[in-house]
Amino acid sequence: MRINLNAVENINYEKSYVAFLDVLGFKKLVMSKNKKEKLKLEQYFGIVNSAIEYLKEIPSKRNIGSIIISDSVILSVPHGQDRQTNINKLRHLCVAVGIIQQHLALKNIWLRGAISSGDTYFNSDKRQIVGPAYINAYLLEGSVAVSPRVVLDSKIIEELEFSSATEFIDSMNKMDDGGLNYSNWGSSILYCWHYPDGKAVTLIEQDIALFIDYLAPVVESNNRKLIQIIENLEYNMYKDTTTYKKFRWVADYLKS
């Protein structure tokens, strides 16, 4: 068989929301000869694959495509035909990301990442993705996410015709409709920067406008899962000086 020098792979862009997620400390897991670290690596792939299969069973999340490459998880969903459809699609993508984040955190595996919007070519069968939305998500993960959190590209606020981050967050969290009522999630999808009494959150710095409130369901359940998250944070806090700031942020986020 000869290589066809005239071969062309058609790249047809479509407007999409793209999430790029990355595992903190993945290189150490891969290089370590410790059996516990190897188990954690196996748990990462097992949980992510299990979560994706679980999401495929939910009608509202069935059209979310996925690619897993080493320490990177990429999720993508095409835009809809109107504003409300896009809000719903983004809402379900954020819940899907949060479910993966939360379940990995319970195993002391921490994700950071970003979600952006724009032109995308996504082919999960061929493990191919290209386009501005993917590049923007990738760059935001490295430069803005920093701590174990998944941030949203601020440009989405204007794209969806909201006048402020607060208005956008309230809409995503369905505050005007009495809040969320998803059986597999808590009361908020995006982190709200003020308490129900209107007071501003001061425990964490508002260095970004939007991030997924992935530990809210754990706090609200107030059961063994919350204890496990606290134990995982205590384990990580002083283990490595270079990552102290990252896990300090998660602890403060949890307190808030």
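Under 3.5 Å, the side chains of Glu14 and Thr120 contain no donor-acceptor pair of N or O atoms. Checked by atom type, the side-chain pair Gln81/Thr85 shows no donor-acceptor distance below 3.5 Å. A donor-acceptor pair shorter than 3.5 Å can be found between the side chains of Asn232 and Gln228.
Atoms CG and NZ, from Asp71 and Lys27 in turn, are 11.5 Å apart once rounded to the nearest 0.5 Å. Within the model, atoms CG of Asn34 and CG of Leu41 stand 12.0 Å from one another, a figure rounded to the nearest 0.5 Å. Taking CD of Glu57 as the reference point, atom CD of Glu53 lies at 7.5 Å (rounded to 0.5 Å). Note: Asp177 CG to Ser171 OG = 8.5 Å, rounded to the nearest 0.5 Å. Atoms CG and CD1, from Asn49 and Ile68 in turn, are 4.0 Å apart once rounded to the nearest 0.5 Å. Distance check, rounded to the nearest 0.5 Å: CD1 of Ile64 to CD1 of Ile52 gives 10.0 Å.
Residue Ile99 is not grouped with residue Ile74 when hydrophobic side chains (ILVMFWY) are merged at heavy-atom distances under 4.5 angstrom, including chains of intermediate members. Both Val18 and Ile69 are part of a single hydrophobic cluster, where members link through side-chain heavy atoms under 4.5 Å apart. Cluster membership check: Leu75 shares its hydrophobic cluster with Val23, using side-chain heavy-atom separations under 4.5 Å among Ile, Leu, Val, Met, Phe, Trp and Tyr. Residues Tyr214 and Leu233 are members of one and the same hydrophobic cluster, defined by side-chain heavy-atom contacts under 4.5 angstrom among Ile, Leu, Val, Met, Phe, Trp and Tyr. Phe20 and Ile208 are assigned to two separate hydrophobic clusters, defined by single-linkage of ILVMFWY side chains at heavy-atom distances under 4.5 Å.
The side-chain tip of Arg91 does not point at the ring of Tyr182 from less than 6.0 angstrom away and within 45° of straight on.
The neighbour count for Met175 CE, taken as heavy atoms of other residues, nucleotides or ligands under 6.0 Å away, does not exceed 12. Around the OH atom of Tyr253, the shell of radius 6.0 Å holds more than 12 heavy atoms that belong to other residues, nucleotides or ligands. Heavy-atom contacts from other residues, nucleotides or ligands closer than 6.0 Å to NZ of Lys155 number more than 12. Enclosure of atom OH in Tyr235 is not indicated, since only 12 or fewer non-hydrogen atoms of other residues, nucleotides or ligands lie within 6.0 angstrom.
The ring of Tyr121 has its center no closer than 6.0 angstrom to the ring center of Tyr13.
For the side chain to side chain contact (heavy atoms under 4.5 Å, CB included) criterion with Ile169, the lone passing option out of Leu210, Leu152, Ile157 is Leu210.
In this structure, Phe211 and Trp193 have perpendicular ring planes: the angle between them is above 60°, well past the 30° mark.
Heavy-atom minimum distance, Tyr44 versus Ser70: OH-O, 2.9 Å. Shown here for Pro217 and Gly186, the closest heavy-atom pair between the two residues is CG-N, 3.5 Å. Ser154 and Ala209 make their closest contact through OG-CB, 4.2 Å (heavy atoms, listed as atom of the first residue, atom of the second, distance).
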Run the numbers on Asn184 and Tyr54 for side-chain hydrogen bond (donor to acceptor under 3.5 Å, both in side chains), then give the verdict.
CA-CA 11 Å; Asn184 61 350; Tyr54 164 74; 3.2 Å; yes
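A salt bridge between Asp213 and Arg149 is absent, with no side-chain N of the basic residue lying under 4.0 Å from a carboxylate O of the acidic one. Remark: Lys28 engages Asp240 in a salt bridge, criterion side-chain N to carboxylate O under 4.0 Å.
Residue pairs meeting the salt bridge (charged side-chain N to carboxylate O under 4.0 Å, His left out) criterion with at least one partner in residues 124-140, sequence neighbours excluded, are Glu9-Lys126.
Every residue two or more places apart in sequence or in another chain that forms a salt bridge (charged side-chain N to carboxylate O under 4.0 Å, His left out) with Arg224 is listed here: Glu231.
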